Chemist: 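First the structure, which I've put down as structure tokens, then a few questions once you've had a look.
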Amino acid sequence: MNRTLCVSGLLLSRGTFRLCQSKVPNYSGGGLSLAVVTTSPLPYISLCSSLPSRCSYSTNIKVRSYLQYMKRKIKPPSCPPYSHVCQVGDPVLRSQAAAVDPVAITGPEIQLVINTLVKVMRKLECVGLSAPQIGVPLRILAVEYPKKMLDESSPASREMRGLSAQPLRVFVNPQLRVLDGRTALFQEGCESISGFSATVPRYLSVEVSGLNEKGEPVTWQVSGWPARILQHEMDHLDGVLYVDRMDSKTFINIHWQEHNE
């Protein structure tokens, strides 16, 4: 089956509903499908439980200490959209994000996702972020390159990388079209793979079309560094990380020198 899966909204009430990967018919053309299912908190097992000391057990149940148990009772686990960025290993970063029902864009659920996305992006001072990175597998991304950040770059760096100040742009259900098939190699990092970077090839010029945060159709033709940012965020919507495209020999820990001091 090859029709588009649309998600009209998210029920975000704590501890009642969650987005999960479900083995239902694949509507996204590849990868796991997405479903909203009811759930209840998992039981916590205290290490103080009386168990035979000479027996070994194999179980999928997580064993938590009494302090962890009490912490969860006092402060329940957070739920998406998160106020932090999910790290590599989280299944949401490898899932195919679902399309958003255009009618739902101006609704409170999707607006919460968009507002949280922008808030987290600015808090971390990064230049782009996608909804899967805050735990929401929907096709939403935001890009912004503040003038203040541009002013901190040298003239040589601006020219070499094609840097330019860009206002905040939000795209819902974006579609990418390559305008210039030539590629450029530059070092690239990601908030979801914190502390690392690598050289990644990206197209020089692209066009993106979709809907903005008001549900209005928008198109943007861009080249240089903003085009790289856009391609990076578009990859996140398809469960692709820059490590899938990088030159593995250039992969580095950006703090490696500090470890030698």
Side-chain angles (χ1 to χ4, degrees), residues 1-22 24-29 31-41 76-86 90-124 126-144 166-176 191-192 208-220 229-230 232-239:
M1 203 174 288
N2 192 27
R3 62 188 179 86
T4 303
L5 172 64
C6 290
V7 176
S8 61
L10 300 176
L11 295 174
L12 300 172
S13 57
R14 179 175 294 155
T16 305
F17 292 88
R18 64 183 175 89
L19 280 169
C20 74
Q21 296 177 337
S22 174
V24 297
N26 189 348
Y27 298 109
S28 59
L32 294 175
S33 301
L34 301 170
V36 177
V37 299
T38 58
T39 184
S40 57
S78 58
C79 60
Y82 296 128
S83 58
H84 63 268
V85 172
C86 298
D90 192 320
V92 72
L93 295 175
R94 288 303 194 176
S95 65
Q96 181 85 14
V100 180
D101 185 345
V103 177
I105 293 175
T106 55
E109 294 89 358
I110 300 303
Q111 286 297 305
L112 174 62
V113 174
I114 293 173
N115 292 337
T116 305
L117 186 67
V118 174
K119 182 179 179 180
V120 174
M121 180 178 71
R122 288 175 170 172
K123 179 179 71 174
L124 298 176
C126 53
V127 294
L129 208 62
S130 66
Q133 289 181 280
I134 57 170
V136 182
L138 294 178
R139 301 190 76 80
I140 305 173
L141 64 83
V143 295
E144 182 179 40
Q166 297 295 332
L168 174 66
R169 288 183 171 90
V170 174
F171 292 94
V172 181
N173 299 339
Q175 294 183 330
L176 192 74
E191 289 294 338
S192 289
V208 63
S209 58
L211 303 173
N212 64 14
E213 67 274 17
K214 298 178 181 177
E216 303 166 336
V218 288
T219 300
W220 185 32
I229 297 169
L230 192 56
H232 179 110
E233 301 308 329
M234 285 292 298
D235 273 352
H236 275 300
L237 304 185
D238 295 323

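Note that the structure is predicted; figures quoted are calculated from it, not measured.
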Chemist: One pair to check against side-chain contact (heavy atoms from CB on, under 4.5 Å): Met121 and Leu168. What are the steps and the verdict?
Modeler: CA-CA 11 Å; Met121 180 178 71; Leu168 174 66; 3.7 Å; yes
Chemist: Identify the two heavy atoms, one from Leu112 and one from Pro81, that lie closest to each other, and give their separation to 0.1 Å.
Modeler: CG-CG, 4.0 Å
Chemist: Please examine the side chains of Ile134 and Pro80, heavy atoms only from C-beta on, and report whether any two atoms are closer than 4.5 Å.
Modeler: no
Chemist: Checking Asn173 side chain against Val100 main chain: does a donor-acceptor pair fall under 3.5 Å?
Modeler: yes
Chemist: Glu213 pairs by side chain to side chain contact (heavy atoms under 4.5 Å, CB included) with which of Asn115, Val172, Ile105, Ile114?
Modeler: Ile114
Chemist: Quick one: pull up CG in Asp90 and OG in Ser95 and give me the separation to the nearest 0.5 Å.
Modeler: 8.5 Å
Chemist: Can you name the closest pair of heavy atoms from Thr219 and Ser209 and give their distance?
Modeler: OG1-CB, 3.7 Å
Chemist: Which of these passes side chain to side chain contact (heavy atoms under 4.5 Å, CB included) with Leu117: Val136, Leu138, Ile140?
Modeler: Ile140
Chemist: Using every non-hydrogen atom in the two residues, find where Tyr82 and Thr116 come nearest and quote the distance to one decimal.
Modeler: O-CG2, 3.3 Å
Chemist: Hey, does the side chain of Ser192 reach the backbone of Cys86 with a donor-acceptor pair shorter than 3.5 angstrom?
Modeler: yes
Chemist: Please report the interatomic distance CG(Leu237) to CD(Gln133), rounded to the nearest 0.5 Å.
Modeler: 9.0 Å
Chemist: Would you say the side chain of Leu230 lies within less than 4.5 Å of the side chain of Leu141, judging by non-hydrogen atoms?
Modeler: yes
Chemist: For Glu144, run the salt bridge (Lys or Arg N to Asp or Glu O under 4.0 Å) check against Arg122, Lys119, Arg169 and tell me which one passes.
Modeler: Arg122
Chemist: What's the separation between atom CZ in Arg139 and atom NE2 in His236, rounded to the nearest 0.5 Å?
Modeler: 13.0 Å
Chemist: Just how far is it from atom CD of Glu191 to atom NE2 of His84, taken to the nearest 0.5 Å?
Modeler: 12.5 Å
Chemist: Working to the nearest 0.5 angstrom, can you tell me the gap between Cys126 SG and His232 NE2?
Modeler: 9.0 Å
Chemist: Quick check on Gln111: does its CD atom have over 12 non-hydrogen neighbours (other residues, nucleotides or ligands) under 6.0 Å away?
Modeler: yes
Chemist: Do Pro217 and Leu211 have side-chain heavy atoms sitting under 4.5 Å apart?
Modeler: yes
